Amino acid sequence: MKLNIAKLPGDGIGPEVVAQAVKAVDAVCARFGHEAVYTFAPVGACAIEATGSAYPDSTHQVCLESDAVLFGAVGDPKYDNDPTAKVRPEQGLLAMRKQLGLYANLRPVETFEALAHKSPLKEELVRGADFLCVRELTGGMYFGEKGRRDGGDTAFDTNLYHRFEVERILKLAYEYAMRRRKHLTVVDKANVLESSRLWRQIAQEMAPQYPEVTTDYMYVDNAAMQLIRCPKWFDVLVTENTFGDILTDEASCITGSMGLLASASIGAHTGVFEPIHGSYPQAAGKDIANPLAAILSAAMMFEYAFGLMEEGRAIREAVAASIDSGFVTEDLADGGAAHGTSEVGDWIANRIKKS
Ligand code: IPM
Ligand code: MN
């Protein structure tokens, strides 16, 4: 199979970790007889420097014409410390999600047995935790009307949701719940927010269509607590954009390192596969960043974009093997030798080719 992949490494550690994901993709292609063709396109701060836009039209065209997008990260401290900046790297990511119609962000939280002790939570709470966060990605406060009034001293962001947006994400979440342990948790703030009451109302309307699925409703503040109190309780968690952003950072550390959480954004057009960790500028260029989330995102790309499950599994097995052998970056090393980003990438690619 020919795989046309848009390569958008972005900023910070993005280029380093995407380079390792590419090694894994190439190794899988060599083993299973596929051909991957990459088209590079700029996004984020580097795109602003080059073109003035964080998501140039030319980049959008490359994405539209590809079968999948391998994405790194966007962000630069230069903009973080300047709240008045007119163009921001993050706008590149948001524009990409919106323009590609990627309304669903899937963030699986899976624990690796050999890493349970790295979690800030007690091992017995973490061992066996396995849930899927389904985050709505193109609505809510991120995209609702926003602005300033009173000469700039009053600011607002609108948490706007339309019925169709809620219905389609809940439908998807139910479908994943059906394929998993048939337990869906709808997370909202329906005791306070009108938008959350719409979510809950629609979820209650839809629940009878999925009689095999146990649906429960949880306020987001409680969910933040339950995620660390009892992560194993969750199977599929679905929520709006902002809550999903916050809860998935929290969920990522359950597994031991944020450098492990991969994600897939899917919807109308080409799917985007990216680590959730962000650009981590302090580590950029040092060859110390953990590439596993990016490599696992490549596994998700094979599974979700190409329907090539065995290829995805080959990557997952190699990642698990690197963890079991202690061939890991410094965030996961236990006092033992820490390996560089690219060494870990090479180890995993070799493992994929050999097994
Ligand atoms: C994420 C990131 C983005 C978000 C930022 C970089 C805009 O934190 O993918 O979770 O908030 O969605
Ligand atoms: Mn985030």
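None of the values given here were measured: they were computed from a predicted structure. Counting starts at 1 for both ligands and their atoms, in listed order. The first residue of the sequence shown is numbered 1, and numbering continues consecutively from there.
- Although no hydrogens or angles enter the test, the distance criterion places no donor-acceptor pair under 3.5 Å between the side chain of Arg168 and the main chain of Arg163.
- Without hydrogens or angle criteria, Lys354 side chain to Asn350 main chain gives no donor-acceptor distance under 3.5 Å.
- Note on Lys171 versus Glu175: salt bridge recorded, some NZ/NE/NH1/NH2 to OD/OE distance being below 4.0 Å.
- For a distance threshold of 2.8 Å, the protein N, O or S atoms nearer than that to the Mn ion (ligand 2), listed by chain and number, are Asp245 OD1.
- A cation-pi contact, defined as under 6.0 Å to the ring centre and within 45° of the axis, links Lys98 to Phe143.
- Using a 4.5 Å cut-off between side-chain heavy atoms of Ile, Leu, Val, Met, Phe, Trp and Tyr, with links allowed through other members, Leu3 and Met300 fall into the same hydrophobic cluster.
- Formation of a donor-acceptor pair under 3.5 Å by the Arg88 side chain with backbone atoms of Tyr79 is found in this model.
- Ionic pairing of Lys232 and Asp130 is not present here: no N-O contact between side-chain nitrogen and carboxylate oxygen is shorter than 4.0 angstrom.
- Aromatic ring orientation, His339 versus Phe327: parallel (interplanar angle below 30°, classes split at 30° and 60°).
- Between Tyr304 and Tyr176, the angle of the ring planes lies from 30° to 60°, which puts this pair in the tilted group.
- Contact residues of ligand 1 (protein heavy atom closer than 4.0 angstrom to a ligand atom; sorted by chain and number): Glu90, Leu93, Arg97, Arg107, Arg135, Tyr142, Asp245.
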